[in-house]
Protein chains: 2
Amino acid sequence: MSSAPPGFELPLRLLLAFRSLIDELHAELGRQGHPDIRPMHGFVMQAIGPQGTTAVDLGHTLGVTKQAAGKTIETLERIGYVERTRDPEDTRRKIVRLTPYGMDALARSAQIFDDLRARWSATLGEDRLQALESDLRKVTPADLWRLDAPGWFGTM
Amino acid sequence: MSSAPPGFELPLRLLLAFRSLIDELHAELGRQGHPDIRPMHGFVMQAIGPQGTTAVDLGHTLGVTKQAAGKTIETLERIGYVERTRDPEDTRRKIVRLTPYGMDALARSAQIFDDLRARWSATLGEDRLQALESDLRKVTPADLWRLDAPGWFGTM
DNA sequence: CTAGATAGTGAACCAGGTTGTCTATCATGT
DNA sequence: ACATGATAGACAACCTGGTTCACTATCTAG
């Protein structure tokens, strides 16, 4: 039986790999006119999506409380990535929508992630990369968004 | 050319995979007498190692300020995982060492990580898992510890 | 023996999470 | 028609784990 590395290397490599993608994303986003965006903003905007959402829904999607979602929305609003409007159908609700600036960030993120994936593909070979993705799918939950990403590392 | 998934799936899967390992580690650690330990504590204790360190060194290893390292050490001391003694060679320095309780947590973590890796190996096949690890090594920095793990997601 | 570097600490601040509480609005059953 | 309960959002107080700035104590070198 060939020697397996110590088990603790695996999680570290996964985190490091994640980090390196995110770091490169944000370095590139900074160069492309989005210097103030931070990792969780990208995830949150991805979760908001083009059609908008509400604080409660967003909290539900991300697995955080509505208050936390509300704070994050406030921040994103302050830096110009989203805007809130009252829902005329239900005046309790406020619809959170990406601004054109936010849409731009989201589109650029998608492009940059594709480019980064292409770089990995060039390094590892597309077949190996697809195998890696396929393997990761086998060991992770189906729902991509329930990652409780914002702050989970600090609080759990 | 066969269809590649959108690039943003990859980082999410990496994070999710990391999370799931860490969550299972801590669920198991909780069952084995370490209910208060939290994700970053494991990393920090791993970084402290059996021979001990100092706040400045630890901060350097983890990529955070010495003050942040000091706070974390304080927390670990409070819950009994490390202890600090003055260095007789240089009375400015305080050597941080794992207590037997801390050693126990570290040993159990290592065992649990090995078990979790074995589970992945059973799910994916040992060859695929080794391929995955090898691929991750190709796209991550060599130094396993420079992950700025504690809180990095919140602050960057 | 003084000047500069280094170890640790404290204070003030920030981000992002939590729980608990409150108001406004919607929806429903009598 | 209206009281009751559920829901959306906001506010406050608090926790963690980061940051910077400032300070003391100690070591090291010229």
Side-chain angles (χ1 to χ4, degrees), chain A residues 19 26 36-45 47-48 52-79 81-97 146-156, chain B residues 19 26 36-45 47-48 52-79 81-97 146-156:
Chain A
R19 274 219 57 164
H26 285 85
D36 292 337
I37 207 169
R38 308 211 291 108
M40 50 154 305
H41 297 157
F43 286 102
V44 172
M45 290 197 292
I48 290 172
T53 185
T54 66
V56 166
D57 269 15
L58 182 60
H60 192 248
T61 304
L62 296 174
V64 300
T65 59
K66 59 181 181 174
Q67 292 92 331
K71 277 195 197 180
T72 304
I73 290 168
E74 213 170 325
T75 306
L76 283 172
E77 196 175 32
R78 190 166 34 75
I79 59 178
Y81 284 94
V82 304
E83 58 193 1
R84 275 181 290 192
T85 55
R86 281 271 174 216
D87 182 348
E89 313 265 292
D90 180 344
T91 61
R92 291 171 306 178
R93 308 174 79 218
K94 285 189 180 174
I95 312 286
V96 182
R97 279 200 197 78
R146 298 310 308 270
L147 32 74
D148 308 2
W152 78 267
F153 198 83
T155 10
M156 71 170 290
Chain B
R19 273 218 58 163
H26 285 85
D36 293 337
I37 208 170
R38 308 211 293 105
M40 50 155 303
H41 297 155
F43 286 101
V44 172
M45 290 198 291
I48 291 171
T53 184
T54 67
V56 166
D57 269 14
L58 182 59
H60 192 249
T61 303
L62 296 175
V64 299
T65 58
K66 59 181 182 172
Q67 292 92 330
K71 278 194 196 180
T72 304
I73 290 167
E74 213 170 323
T75 306
L76 283 172
E77 195 175 32
R78 191 166 32 77
I79 60 178
Y81 284 94
V82 305
E83 60 193 359
R84 275 181 290 191
T85 54
R86 280 271 174 218
D87 182 347
E89 313 267 290
D90 179 346
T91 61
R92 291 171 308 178
R93 308 175 78 219
K94 287 187 178 175
I95 311 287
V96 181
R97 279 200 197 77
R146 298 309 308 268
L147 32 74
D148 307 1
W152 77 268
F153 197 83
T155 10
M156 72 170 288

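Residue numbering restarts at 1 for every chain, and letters A, B, ... go by the order of the sequence lines.
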Quick check for you: among C:dC26, C:dT18, C:dT9, whose closest atom lies nearest to any side-chain atom of A:Val64?
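That would be C:dT18.
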Taking the side chain of A:Thr65 as its heavy atoms from C-beta onward, which of C:dT19, D:dT19, C:dG16 lies nearest to it?
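Among the listed nucleotides, the one closest to the side chain of A:Thr65 is C:dT19.
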Would you mind reading off the distance between [X] atom [atom1] and [N] atom [atom2], rounded to a whole angstrom?
X	N	atom1	atom2	value
B:Met40	D:dC15	CE	P	18 Å
A:Glu74	D:dA10	CD	P	8 Å
A:Ile73	C:dA15	CD1	P	17 Å
B:Asp36	D:dC15	CG	P	16 Å

Which residue lies toward the 5' end of DNA chain D, B:Ala69 or A:Arg86, if each is placed at its nearest nucleotide?
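Between the two, 5'-proximity favours A:Arg86.
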Look up atom OH in A:Tyr81 and atom NE2 in A:His41, then write down how far apart they are to the nearest 0.5 Å.
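Spacing of OH (A:Tyr81) from NE2 (A:His41) equals 9.0 Å.
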A:Gln67 (side chain) and C:dG20 (base): donor-acceptor pair under 3.5 Å:
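Counting by modelled atom types and ignoring angles, a donor-acceptor contact under 3.5 Å is found here.
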All side-chain hydrogen bond (donor to acceptor under 3.5 Å, both in side chains) counterparts of A:Thr91, not counting sequence neighbours
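A:Thr91 satisfies side-chain hydrogen bond (donor to acceptor under 3.5 Å, both in side chains) with no residue once adjacent residues are dropped.
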I'd like to check the salt bridge (charged side-chain N to carboxylate O under 4.0 Å, His left out) partners of [X]; sequence neighbours left out, ordered by chain and number.
X	value
A:Arg86	none
A:Asp36	none
B:Glu74	none

Assign each of B:Val96 and A:Glu89 to its nearest nucleotide of DNA chain C by heavy atoms, then name whichever residue's nucleotide is nearer the 5' end.
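Whichever sits nearer the 5' end wins; that is B:Val96.
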Closest-nucleotide mapping onto DNA chain C: is A:Lys71 or A:Asp87 further toward the 5' terminus? I mean the 5' end.
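So the residue in question is A:Lys71.
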Qualifying residues under side-chain contact (heavy atoms from CB on, under 4.5 Å), relative to B:Gln67, sequence neighbours excluded
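Partners of B:Gln67 by the side-chain contact (heavy atoms from CB on, under 4.5 Å) criterion, ordered by chain and then number, come out as B:Thr65.
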Counting only side-chain N and O atoms of B:Thr75, is one of them less than 4.0 Å from OP1 or OP2 of D:dT16?
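So the side chain of B:Thr75 is outside the cut-off, no N or O lying under 4.0 Å from OP1 or OP2 of D:dT16.
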Extract from the structure each pairing of a protein N or O with an N or O of nucleotides 3-8 of chain D at less than 3.5 Å, listing the distance.
from, atom 1, to, atom 2, distance (Å)
D:dT7, O2, A:Arg92, NH1, 2.8

Positive for salt bridge (Lys or Arg N to Asp or Glu O under 4.0 Å) with A:Glu77, one of A:Arg84, A:Lys94, A:Arg97
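Looking at A:Arg84, A:Lys94, A:Arg97, the match for A:Glu77 under the salt bridge (Lys or Arg N to Asp or Glu O under 4.0 Å) is A:Arg84.
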